Amino acid sequence: MPSDPPFRHAIEVADLRKVYTTTRGTFRRTKVENVALAGIDLAIAPGELFGLLGPNGAGKTTTVKVLTTLLLPTSGTARVLGHDVVSATGDVRRRIGFVFGGERGLYWRLSGYDNLRYFADLYRIPPQVSKRRIGELLEVLGLAGREHDKVEGYSRGMKQRLHLARGLLNDPDVLFLDEPTIGLDPVGARDLRVLIRGLADHGKTIFLTTHYMFEADAICDRVAVIKKGRIVAEGTPSSIKQLVGDIGVVEFEVDTISQEDIERLQGLDTVSSVVVTERELALVVTIHCAQPAEVMTQLGRLLDGIAFRRVSAREATLEDAYVELIGEAS
Amino acid sequence: MRSLIRAAWRSFEMSTRLRVVSPWAYLNWLVFPVIFAAIGLFVLTSSGYARVAYGVLGGGVIGFWSVTYLDGGNSIQEERWNGTLEQIFAVPTPLVVIVIGKILGSLLLGLLAFIPTVGLAYFGFHAVLPALDPLRFAVSLGVLSFSFFIIAVALTPLFAISRSAFTVLNGLELGVYGLCGFMFPVSQLPQWLQPISYALSPTWATRALYASATPSASGDIAGWWLASIGLSALYLVVSVALYRFVEVRARVSGELALA
C-alpha cells in the first residue's frame with residue numbers, strides 16, 4: 001500500500017471553488033453559471049469532529065462531494081490525508097468513508113448483509129477481514145439479528161445505521177457524514193450522535209454537515225458556517241456563540257401576532273432580528289437583541305392587548321448565533 | 001488482481017440477483033423476444049428454408065442483444081434512482097470492473113432469450129434447423145456474445161454521465177436490430193446504409209451464426225468471426241478513452257445523483 005505524503009491536517013482546503021454550468025431557455029439557449037462554492041478555506045486536524053453548518057443550497061453537500069472525489073472543483077485545492085482529491089483519487093477513496101443522509105443509497109431488495117458484503121468487495125477488503133468487520137459493525141450498530149432481512153423492511157433508523165456500517169467497512173481514517181440524522185426520530189438521532197461522537201473519540205476524523213444546530217453544538221469540536229458558498233464563521237461552538245456574545249434572546253408565546261406588531265419590535269434600536277415560528281398551537285416569537293431586559297420591559301407597551309402565554313430571556317445558543325450569522329451574510 | 005476479480009464477481013452476483021427479483025427484467029428476455037420471434041416466424045417460414053434461421057433465431061438474438069446492452073444501461077440508471085451510483089463510483093474498484101460484472105450478468109440472462117424463441121419456433125411453427133453445424137454455431141454464438149459484451153461494456157458508462165443520455169442510448173438498441181441483420185440480411189438494406197452495418201461487430205457474428213444454421217449458406221465463416229473479433233477489439237481500445245472521459249465528465253457535471 002502506498003504511504004501517505006506528510007500532512008498536518010486530515011483535510012485541507014484552499015480557495016476551493018465549484019461552478020456548475022447549466023443552460024436556460026428552449027430555443028435560444030444561454031449558459032448560466034451557478035456558483036456553489038465561492039472560494040472556501042478549511043483546515044481540519046486528524047481526529048477532529050468538524051461540523052459544516054448552513055442552510056439548504058449553501059454549499060455543504062458540494063463541499064463533501066468534492067472532498068469524497070465525486071465532484072471536480074473548478075479551481076482551488078483540496079487534500080485529504082495529504083492526497084489531492086483531483087489527482088490522487090484512488091488514494092483518497094481507499095482511506096475515506098462517506099454517508100449521505102436519507103433512505104436512498106441502499107439496495108432495498110437485498111438484505112443488509114448482502115449490501116455490506118457487496119461494498120466490502122468493492123472496497124477490496126479481503127474476505128476473512130470483511131466477514132469479521134461486517135459482524136462487528138452489525139453488532140455495534142444494533143443490526144445483528146436483522147442482517148438477513150431485506151432492507152425494504154428496515155425502519156428509517158436501521159437504514160441510516162446500515163449506511164453508517166457501509167461507510168465504516170473499510171475502517172476509514174476520515175468519515176464524511178452529510179446530514180446523517182435527517183428524518184430520524186429523536187431517539188434514533190440521539191443514538192446516532194452518540195455513535196458519531198464515539199468514532200471521533202476513537203481517533204477518526206469526521207466531517208459532518210447538518211442544519212441541526214443543537215446537533216453541532218452537542219458533538220462537534222469545531223464548526224464552520226457556510227452561506228452562499230462562502231465560510232462566514234469558523235471556530236468552536238462556544239467561540240461561534242461568542243461572536244454574537246452581546247446578543248441575548250427574548251422569547252414569548254402568543255396565540256396570534258400581526259405584521260405591524262412584528263415591525264414595531266424590529267424597529268427597536270437594540271433588536272437585530274425577530275423570528276416567528278409555529279410550535280404546537282402557539283406562535284413562538286424569538287427576538288435577538290442587545291439588551292434583553294430592556295426589551296422585556298417594553299413588550300407590554302409595544303404589544304398592548306396581546307395575551308402573552310410565556311415570556312422568557314436566555315443566553316444565545318448556537319442556533320441563535322447561526323441565525324445572526326446567516327442573516328448578516330445575506 | 002484477486003480483489004478485482006472478487007469485486008467483478010460480486011457485481012455479477014448482485015446484478016443477477018436484482019434482475020431475478022425484478023418483474024421488468026422478464027419483459028426483455030421473455031416477452032419481447034417472443035413477440036419478435038412470432039412476427040419473424042409468421043413472415044419467414046413461408047418465404048423458404050433459407051430464411052428460416054432468421055425466424056427461429058432472430059427473436060432470440062434481439063432478446064439477447066436487448067438484455068445485454070439495455071440491462072447494463074438500465075442498471076446504471078437504477079443505481080442513480082437508488083442513490084447508489086455515487087457510492088459505486090467512489091470506491092477503490094474501477095468503474096469498468098463493476099460494469100464488467102454487471103454486463104456478464106446481463107449476458108447470461110440474455111442468452112435465456114433463446115429458450116422461449118426457439119421453443120416457439122419448434123412447438124408453434126414446427127420450424128427446425130436440421131442443417132445446423134453445432135461446432136460452427138457454438139463458436140459463432142461465442143463470437144456474437146463477445147461482440148455484445150464489448151459493446152455493452154463500452155457504452156454502459158455513458159449512461160452514468162448524464163441523466164438524459166438514457167434516451168439517446170435507448171435509440172441505439174433499436175437501430176442495431178436492423179443494421180446488424182438480426183431479422184433479415186444486411187443486403188436488404190439500402191446501399192448507403194450497408195457500410196455502417198459492416199462497421200458493427202454484431203453484423204459479422206450474426207451472419208456467421210445464421211450461416212452455421214443454414215445448409216445453402218456459403219461464405220467465409222472464419223473470416224466473419226475474425227472481422228467481428230477485430231472490430232470488438234477496436235471498440236475495446238476506444239472504450240478505454242471513453243471510461244476516462246466519463247470519469248471526468250461525471251465529476252464535472254455532478255449528474256451521478258438524481259438532483
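We use all heavy atoms of the structure for the numbers below, so side chains are in, but hydrogens, waters and symmetry mates are not. Just so it is clear, the model here is predicted, and its values are computed rather than measured.
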Examine distances only and state if a side-chain atom of B:Arg251 and a backbone atom of A:Thr69 form a donor-acceptor pair shorter than 3.5 Å.
-> yes
Side chain, backbone, both or neither of A:Thr74 within contact of chain B (heavy atoms, under 4.5 Å) | neither
Roughly how far apart are A:Arg109 CZ and B:Glu78 CD, rounded to 0.5 Å?
-> 6.0 Å
Proximity breakdown for A:Tyr123 and chain B, heavy-atom pairs closer than 4.5 Å = both
Tell me, side chain or backbone of A:Val85 under 4.5 Å from chain B's heavy atoms, or both, or neither?
-> backbone
Euclidean distance, A:Leu71 CG relative to B:Glu86 CD, rounded to 0.5 Å | 7.5 Å
A:Leu70 versus chain B, heavy atoms under 4.5 Å apart: side chain, backbone, both or neither?
-> both
dist B:Arg17:CZ -> A:Asp114:CG (nearest 0.5 Å) comes out at 4.0 Å
Taking the side chain as C-beta and beyond, is there a heavy-atom pair between A:Phe119 and B:Arg10 under 4.5 Å?
-> no
Output the distance between atom CG (A:Leu122) and atom CD1 (B:Ile88), rounded to the nearest 0.5 Å.
-> 7.5 Å
Most heavy-atom pairs under 4.5 Å with chain B, out of A:Asp121, A:Thr21, A:Val86, A:Thr68, belong to A:Asp121
Would you indicate whether the side-chain heavy atoms of B:Gln87 and A:Phe98 approach each other to under 4.5 Å?
-> yes
Which atom of A:Arg93 lies closest to which atom of B:Val91, heavy atoms considered = CD-O, 3.7 Å
Side chain, backbone, both or neither: which part of B:Ala8 has an atom under 4.5 Å from a heavy atom of chain A?
-> neither
Under 4.5 Å to a heavy atom of chain B? For A:Ile96 that would be neither
Is a side-chain N or O of A:Arg104 found less than 3.5 angstrom from the main chain of B:Arg80, in a donor-acceptor match?
-> yes
What heavy-atom pair brings B:Pro92 and A:Arg124 nearest, and what distance separates the two atoms?
-> O-NH1, 3.8 Å
